There are 2 protein chains.
Amino acid sequence: MKVKYHAGVKRSYGQYCAVARALDLVGERWTLLIVRELLVGPRRYTDLLEGLPGIGTNLLALRLRELEKAELVQRRTLPPPGVATVYELTELGEGLREPVLALGRRGGRFLAERRDRDERRPAWYVLSMEATFDVALAAGGDVAYELRVDGEVFHVEVRDGTASFGQSSRRVPDVILATDVDTFVLALSGEVRPGAALTSGDLELLVGEREQVERLFRMFAWPRAA
Amino acid sequence: MKVKYHAGVKRSYGQYCAVARALDLVGERWTLLIVRELLVGPRRYTDLLEGLPGIGTNLLALRLRELEKAELVQRRTLPPPGVATVYELTELGEGLREPVLALGRRGGRFLAERRDRDERRPAWYVLSMEATFDVALAAGGDVAYELRVDGEVFHVEVRDGTASFGQSSRRVPDVILATDVDTFVLALSGEVRPGAALTSGDLELLVGEREQVERLFRMFAWPRAA
DNA sequence: CGGAATCCTCTTCGATACTG
DNA sequence: CAGTATCGAAGAGGATTCCG
């Protein structure tokens, strides 16, 4: 006698193990990538669709419901003006930052293989900066950066040997940098030197010194494959 | 028209993002749990089946092939006596240790909810010890432990503020401890005090001092939920 | 236009049976 | 012991439609 799976009974590994339990919640297809998007900041439904090329709208809706039920994500209605519903991580969901960054640190080893069809989104590389931040190179600095990549704006503050990231910022930036996603990737991966990109115009320095830009890309450089 | 399962190009998220790339390789169902098993030590095919209750044998075989192709896992044929093929992590696969442990650290929050049907395996909790190791409590110590849990043997060496784990060891243990998986879990989670378990006989101290046992379970205690 | 629900097809999973 | 083969069930992907 087969028991029919009715909607709502979630599949589980059925193991009393912390790793398996975590994967029960976030191990399904797309789920950790949704979390990745939300680690950069709150997002509207259509922002998520945009940031997750290939996901079906039905699947996104389903995953968001599951994440809400697991209390990893909550939806919030922004007050007017600009009324909108956004999804954001709960405190519990924030706890996934370290695992996701750790996964990204390893995954970087596989980015050497470029594939032409691959999508790129500025936010992914801002998150990579968080993963590859090199504390040793940040010592003594105190700089607020504003990055404008393909029109999207991000703020990075390096201070007291720590880096903080966000899309809004109270602080007036010391450095404002504008570029496109291609140049951004090449500068982080070390394939293009920031100085050269500034000269060619691929990187535009609106506020600040060239030297601060070079320092930025040194602090957040992707580790070179061996 | 039916096509054998070679023809299918592997599904990919198609994103030039380190997290997505990592999930292309290890994001499918069961894959990270296979890695979890191998993080404790090399395993034979049937060991893996045993340690992954619920996996289908076809799926295990398929996943191992994928992991081999991705060069995260390799198979090795042990020399006689005891001829057998084992699977083990490559150096690249070893790189998944941090992400898996990080996931487990978070997943621990969800273990408060006990479910009766959940399987338990000693190795999972030895891996949890690696995830929850508290450096501050290990300072100054130099102790080699042998843990025998439901007949499986593990070695833990705490030295110079670091802990190393394995199933074989060159060093003669200072402490030998035997128990069953239930007691092991309860002692790690803090629900049973090691002293009480020693008294009741659930925990057997074959070599060493009671005080070393209490120290062990303090160093590797699961963080208490808030 | 944002935020989904529905329908349909295709792929993957899970369980069992079978083999060198 | 170490896997293949098979097949029904569940999940994913895509297009379309619906609602406020």
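Reckoned from all heavy atoms, side chains included, excluding hydrogens, waters and symmetry mates. We name chains A, B, ... by the order of the sequence lines, and we start the count at 1 in each one. Quantities reported herein were computed from a predicted structural model and do not represent experimental measurements.
- Relative to the side chain of A/Y45, the nucleotides D/dA15, C/dG3, D/dG13 differ in distance, and C/dG3 lies closest.
- Atom-to-atom, CZ of A/R65 to P of D/dG11 comes out at 13 Å; the value is rounded to the nearest Å.
- Listed nucleotides: D/dG3, D/dA12, C/dA4. Nearest to the side chain of A/A61: C/dA4.
- Counting only heavy atoms from C-beta on, B/T57 has its side chain closest to D/dG3 among C/dG14, C/dA4, D/dG3.
- The nearest whole Å value for the distance from the NZ atom in A/K10 to the P atom in D/dA10 is 16 Å.
- Listed candidates were D/dA12, C/dA4, C/dA5. Nearest to the side chain of A/E28 is D/dA12.
- A/W30 has a side-chain polar atom (N or O) that falls below the 4.0 Å cut-off from OP1 or OP2 of D/dG13.
- In this structure, B/L59 places its CG atom 14 Å from C1' of C/dT16, rounding to the nearest Å.
- Atom CG in A/L62 sits about 16 Å away from atom P in D/dG14, given to the nearest Å.
- In this structure, B/R75 reaches the D/dG3 phosphate: one of its side-chain N or O atoms is under 4.0 Å from OP1 or OP2.
- The pair A/E68-A/R65 fails the salt-bridge criterion, with no side-chain N (NZ, NE, NH1 or NH2) lying under 4.0 Å from an Asp/Glu carboxylate O.
- Comparing atom distances between the A/R11 side chain and each of C/dC13, D/dA2, D/dG3 picks out C/dC13 as nearest.
- For B/T46 against D/dA2, no side-chain N or O and base N or O form a donor-acceptor pair under 3.5 Å.
- Across D/dA12, D/dA2, C/dA4, the shortest atom-to-atom separation from the side chain of B/R44 is found for D/dA2.
- A salt bridge is absent between B/R170 and B/E157: the closest approach of a Lys/Arg side-chain nitrogen to an acidic carboxylate oxygen does not fall below 4.0 angstrom.
- Aromatic pair B/W30/A/Y13: ring centres closer than 6.0 Å.
- Ionic pairing of B/R21 and B/D24 is not present here: no N-O contact between side-chain nitrogen and carboxylate oxygen is shorter than 4.0 angstrom.
- Between the side chain of A/N58 and the base of D/dG14, at least one donor-acceptor pair of N or O atoms lies under 3.5 Å.
- One can place CG of A/L60 at 18 Å from P of D/dG11, the figure rounded to the nearest angstrom.
- The separation between A/I55 atom CD1 and C/dA5 atom P is 14 Å, rounded to whole Å.
- Taking 4.0 Å as the cut-off between side-chain N and carboxylate O, B/R106 and A/E98 do not count as a salt-bridged pair.
- For A/T85, taking side-chain heavy atoms from C-beta onward, the closest of the listed nucleotides D/dG3, C/dG3, C/dC13 is C/dG3.
- A/L48 has its CG atom 12 Å from the P atom of C/dG2, to the nearest Å.
- Note: CZ (A/R63) to C1' (D/dA12) measures 8 Å, nearest angstrom.
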